[in-house]
Amino acid sequence: NQVALDMKYVRDQFPALKNEWVFMDNAGGSQILKGCVDNISEYYYSNNVQLGGSYDISQAAFKAYGEGRGKVATLFNAARADEIVFGPSTTVLLQFLTKSMASQFSAGDEVIVTITDHESNIGPWVWLEERGVIIKFWPMNKETYELELSALDALMTDKTKLVAFTHVSNLLGTINNVKEITDFVHARGALVCVDAVAYAPHRAIDVQDWNVDFYAISLYKTYGPHHAALYCRYDLMQELDSLYHYFYGKDKIPAKMEPGNANYELSYASGAIVDYLVTLGEQAGSTGSRREKLEAAFADIEEQETILCEQVLSYLRKRNDCDILGIKDGNDSRRVPTIAFRIDGRDPEQICLAMDKHKIAVRFGDFHARRLCDSLDITKDNGAVRISLTHYNTVEEVAKLITALDKVLTE
């Protein structure tokens with residue numbers, strides 16, 4: 001199939017793709033852009049000093065750090081750069097968030113989490129039980145593997161303070177309608193916290209349009225370095241308790257949410273993700289703002305990924321021994337190319353070990369969606385096999401995957 005993306009250019013930006021391995025465990029961590037690595041080197045060699053000094057190199061370091069935050073704000077389409085909080089991982093950032101919000105909860109208040117989330121967006125909220133907060137689980141429809149508003153409506157009361165949910169399950173690959181859910185929750189007087197780790201590599205984020213309150217991504221799963229970012233709506237950020245030194249008050253934004261300071265070089269490096277997407281947008285013919293170019297890039301990324309997703313799912317659908325977890329149609333716009341499945345009578349671990357011999361990196365397990373796997377009763381059986389693709393994968397790589405998988409499953 002002919003795609004709009006210049007695949008030679010795309011793959012040249014990810015030097016690790018020259019490896020003999022085919023990388024199809026991207027939801028666990030994508031390959032990193034050359035531009036991010038270049039930025040890390042540049043920062044270390046040119047700006048490796050503490051911020052806040054009067055001398056010019058310290059001033060340059062501060063500017064670079066701010067530049068990274070500003071570019072990541074464009075990735076989120078945040079209204080302000082200081083709505084972006086950096087941290088080492090989404091898990092840590094959401095733990096920070098719950099700690100900084102804890103004083104806002106009283107015994108008897110309710111928080112709703114989903115059964116479909118990565119534990120990062122469940123465990124930190126469950127911790128609030130120590131303060132007497134009641135935790136409720138929003139179940140999924142086990143026939144469709146989807147979250148339904150009717151089930152959420154049945155759980156919400158006037159005591160519900162927050163609903164935490166995933167934009168895309170890292171096991172099911174289904175895109176939840178964040179705007180619709182957020183409107184629904186806000187209309188009932190509660191806040192939302194969205195884990196978008198499995199969404200961010202595949203589609204454009206728009207926190208303003210969706211009106212979300214808190215929204216977290218892992219930059220190392222979105223072509224960047226091992227770093228993460230949390231969007232906190234500005235008015236809500238002002239209300240969060242400071243996690244930093246006592247003299248960093250509530251008005252020290254966003255530093256009060258970055259105790260010990262965020263990693264300078266990785267924050268700067270992360271800006272190269274947006275630079276890359278802007279370039280893809282320009283190649284697609286966009287002449288608008290950097291944000292508009294980024295959106296054009298994601299349109300082409302979606303097109304490429306849809307082809308790859310359907311290529312895999314069309315093979316799996318034809319097998320009468322395969323149970324696909326989630327939407328089975330790769331052309332469905334609610335699907336990202338994160339594909340989990342089980343084969344009757346076959347151990348997911350053994351399938352992956354056999355695929356290793358073909359130099360194709362896929363993965364098995366519960367992917368830290370332990371509660372989801374428990375609810376599906378597959379945890380004890382090594383969970384599922386997961387093939388997670390992204391736009392730098394090619395139709396040729398997927399053909400190689402299918403050939404190898406077919407051989408493994410007939411052995």
- line: side-chain hydrogen bond (donor to acceptor under 3.5 Å, both in side chains) filter on Asn19, not counting sequence neighbours, yields none
query: Looking at side-chain heavy atoms only, is the closest gap between Cys193 and Trp125 below 4.5 Å?
result: yes
message: Taking side chain to side chain donor-acceptor pair (under 3.5 Å) as the criterion, tell me which of Glu302, His391, Glu305 meets it with His202.
response: Glu305
- request: May I ask you to decide if Leu409's main-chain N or O and Arg346's side chain share a donor-acceptor pair within less than 3.5 Å?
  value: yes
- prompt: Is the side chain of Asp329 donor-acceptor paired with the backbone N or O of Asn331 at a distance under 3.5 Å, no angle test?
  reply: yes
query: Checking side-chain contact (heavy atoms from CB on, under 4.5 Å) against Met24, which of Val312, Ile360, Leu308 comes through?
result: Ile360
task: Evaluate side chain to side chain donor-acceptor pair (under 3.5 Å) for Ser100 paired with Asp241, printing each intermediate quantity in order.
output: CA-CA 5 Å; Ser100 65; Asp241 291 336; over 6 Å; no
- prompt: Within the side chain of Asn263, is there an N or O that forms a donor-acceptor pair under 3.5 Å with the backbone of Pro88?
  reply: no
task: Report yes or no: does Thr74 contribute a side-chain atom to a donor-acceptor pair with the main-chain N or O of Asn77 at less than 3.5 Å?
output: no
query: Would you find a donor on one side and an acceptor on the other, under 3.5 Å apart, between the side chain of Asn26 and the backbone of Phe23?
result: yes
field: Centroid-centroid distance, Tyr223 to Phe14, less than 6.0 Å
entry: yes
- prompt: Is the Phe247 ring parallel, tilted or perpendicular to the His245 ring (thresholds 30°, 60°)?
  reply: tilted
query: Do side-chain atoms of Lys256 reach the backbone of Leu243 as a donor and acceptor pair under 3.5 angstrom?
result: no
query: Out of Tyr231, Tyr199, Phe76, which residue meets the side-chain contact (heavy atoms from CB on, under 4.5 Å) rule with Ile217?
result: Phe76
statement: Here the gap from Glu180 atom CD to Phe184 atom CZ, rounded to the nearest 0.5 Å, amounts to 9.0 Å
Among Phe86, Tyr65, Tyr44, ring-ring contact (aromatic ring centres under 6.0 Å, His included) partner for Tyr264: Tyr65
